[in-house]
Amino acid sequence: MKDADMDTKSISLTTCLLTATLTLTTPCSRAETNGVTAEQAVTALENTFGVTPGERRNHTKGTCAAGEFVGTAAAAPYSRSALFSGKPVPVVARFSLAGGNPKAPDTAKSARGMALEFRLPGDNLQHITMLNTPIFGAAKPQTFVDMIIASRPDPATGKPDPEKIKAFQTSHPDNLAQATFLAKNNPPPSYANSAFFGIHTFKFINSDNKITYVRWRFVPQDGEKRLTNEQLKTSPPNFLEEALIKRTKQGPIRWDMLVSIGEPGDTEDNPTIAWPDNRKTIKFGTLTISSAMPQKGAECEKINFDPLVMSDGIEPTNDPILLFRSPAYAFSFAKRMGGI
Ligand code: HEM
């Protein structure tokens, strides 16, 4: 057996163990979702973006933050989760740029991320890991892997080959909605001015075991803003972290958690399709971020924001992307925890 093979085998084993202890419900990295393994997804990310040892294979560039969440009484008919008890719940957060480039410019027209770990009473956790696009660019894991492979820089130019991107987009129509959104909407000047979307459909379970299909988003009380085309050209490569830290020093930043209630016919398992705008929408709580800091050595650095870490009263749907994320994150997490 070659050394590289041995490395992969031992990482895979660690991942199974880590996954088992972290989420209890997820398969290990070699299990397939629609014919794709977590290892294939992470390898594609590594081949396209390179490897920064000890760092996340995706959303590598990021900033830690902390605060709390307070739920509203309006949530009770839908979910019995302790997240919505109305008592303040401590939160560890991480804001990030999509992709595995640790030096991605903050003007990149890629997605921004907000990851939240809610620390509930009794050592229980709830994770919510979102993007600033209302829909995702893949209905199945294979599309995500093919997108990452197609984005691999051409050695001659150092940039993705436009022909390969075009061929990918033509053969994967499920990528179109998010690609169009990202092309039309410039990134924000500050994380504090971005809305973040859960994208997947989730199940809320109330105290009578009644199930409601929901989608949520976090909307900034500071208001949504986007860089102008001029600012896109003139802004420096690094401003998001500084803007967030500066903003928290002026006072807490707040996002309202708005939950849309699904209606018959709304998709439950396709994160590339938005629900109609007119769904009943209820405020389930408010997130307050009161401090932010560089990620090195800070609390968010060593968290695996696996979206399947859920509290009683919130459950996943059969969305193949949602289910695939958990083993993919565990595989990346196991590598970075091993310093690889
Ligand atoms: C096939 C689909 C996807 C794959 C394979 C994938 C893969 C990954 C991986 C490997 C990481 C790094 C994990 C770590 O080392 O801790 C990551 C981070 C992240 N992903 Fe995904 N992802 C997918 C879909 C999504 C979707 C649909 C969303 C949002 C709804 C999302 C939001 C994020 C965010 C915000 C982070 C950064 C989390 C943090 O700050 O630690 N991803 N993703």
Side-chain angles (χ1 to χ4, degrees), residues 11 15 18-19 22-23 29 32-46 48-49 51-65 92-100 102 104 110-117 127-149 172 174-175 177-178 191 194-202 215-218 269-272 295 298-309 316-317 319-338 340:
I11 287 158
T15 306
L18 272 170
T19 308
L22 286 172
T23 66
S29 64
E32 292 184 0
T33 306
N34 304 108
V36 186
T37 65
E39 191 175 346
Q40 283 169 334
V42 170
T43 303
L45 286 160
E46 291 175 342
T48 291
F49 296 108
V51 172
T52 312
E55 300 292 339
R56 287 164 171 80
R57 274 19 183 198
N58 195 7
H59 291 257
T60 314
K61 185 180 185 186
T63 303
C64 287
V92 179
R94 184 171 179 271
F95 295 86
S96 59
L97 275 84
S110 55
R112 305 289 175 268
M114 177 200 254
L116 305 170
E117 179 169 281
H127 284 179
I128 291 188
T129 311
M130 300 175 283
L131 296 177
N132 69 341
T133 61
I135 26 69
F136 192 55
K140 300 270 160 59
Q142 188 68 57
T143 297
F144 178 86
V145 172
D146 291 347
M147 174 178 70
I148 300 298
I149 293 172
H172 296 76
D174 53 330
N175 181 254
Q178 192 196 38
Y191 290 119
S194 187
F196 293 92
F197 301 81
I199 298 179
H200 307 286
T201 306
F202 293 88
R215 283 187 174 184
W216 58 67
R217 61 186 190 273
F218 282 62
D269 57 7
N270 190 335
T272 70
Q295 63 180 348
E299 204 161 4
C300 82
E301 191 188 16
K302 293 196 164 48
I303 294 178
N304 171 5
F305 287 95
D306 177 344
L308 289 192
V309 172
T317 50
D319 177 339
I321 292 290
L322 176 59
L323 301 180
F324 185 73
R325 289 174 66 190
S326 188
Y329 289 31
F331 195 67
S332 168
F333 182 68
K335 283 190 149 186
R336 62 188 176 90
M337 286 302 103
I340 301 166

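Keep in mind that what you see is a predicted model, and the values were worked out from it rather than measured. Just so you know, ligand 1 is whichever comes first in the structure, and atom 1 is the first atom listed for that ligand.
Checked by atom type, the side-chain pair Arg325/His200 shows a donor-acceptor distance below 3.5 Å. When only modelled atom types and interatomic distance are considered, Asp269 and Thr317 share no side-chain donor-acceptor pair under 3.5 Å.
A donor-acceptor pair under 3.5 Å is absent between the side-chain atoms of Thr52 and the main chain of Pro102, judged by distance alone.
Atom 13 (C) of ligand 1 has Ser332 OG, 3.7 Å as its closest protein atom, hydrogens excluded (heavy atom only). Here the heavy atom of the protein found nearest to atom 32 (C) of ligand 1 is Arg325 NH2, 3.4 Å. The protein heavy-atom contact nearest to atom 16 (O) of ligand 1 is Arg336 NH2, 2.7 Å. Among protein heavy atoms, the minimum distance from atom 29 (C) of ligand 1 is reached at Leu131 CG, 3.3 Å. Looking only at protein heavy atoms, the nearest one to atom 5 (C) of ligand 1 is Phe144 CE2, 3.3 Å.
Using bins of under 30°, 30° to 60° and over 60° for the plane-to-plane angle, the ring pair Phe196/Tyr191 lands in the tilted bin.
Screening Thr143, Asp174, Ile199 for a side-chain contact (heavy atoms from CB on, under 4.5 Å) involving Phe136 leaves a single residue, Ile199. Among Asn175, Asn58, Ile149, the one residue that satisfies the side-chain contact (heavy atoms from CB on, under 4.5 Å) test with Phe144 is Asn58.
Under 4.0 angstrom from ligand 1, the non-hydrogen atoms of Asn58 come from both its backbone and its side chain. Proximity of Phe324 to ligand 1, defined as any heavy-atom pair under 4.0 Å, is confined to the side chain (atoms from C-beta onward).
Here the closest non-hydrogen pair linking Glu117 and Ile303 is OE1-CG2, 3.5 Å. Nearest heavy-atom pair across Ala111 and Thr133 is CB-CG2, 4.4 Å.
Residue contacts with ligand 1: Arg94 is placed with a nitrogen or oxygen under 3.5 Å of a nitrogen or oxygen of the ligand (distance criterion only).
If you take NZ on Lys140 and NE2 on His172, they are separated by 11.5 Å, rounding to the nearest 0.5 Å.
Close approach to His200 involves these atoms of ligand 1, each under 4.0 Å from a residue heavy atom: 27 (C). Less than 4.0 angstrom separates some heavy atom of Gly113 from each of these atoms of ligand 1: 35 (C). In summary, the atoms of ligand 1 found under 4.0 Å from a heavy atom of Ala115, numbered by their order in the structure, are 38 (C), 39 (C), 40 (O). Distances below 4.0 Å separate heavy atoms of Phe333 from the following atoms of ligand 1: 15 (O).
At least one N/O/S atom of Tyr329, from backbone or side chain, sits under 2.8 Å from atom 21 (Fe) of ligand 1.
Among Gln142, Met130, Arg56, the residue whose heavy atom sits closest to atom 41 (O) of ligand 1 is Arg56.
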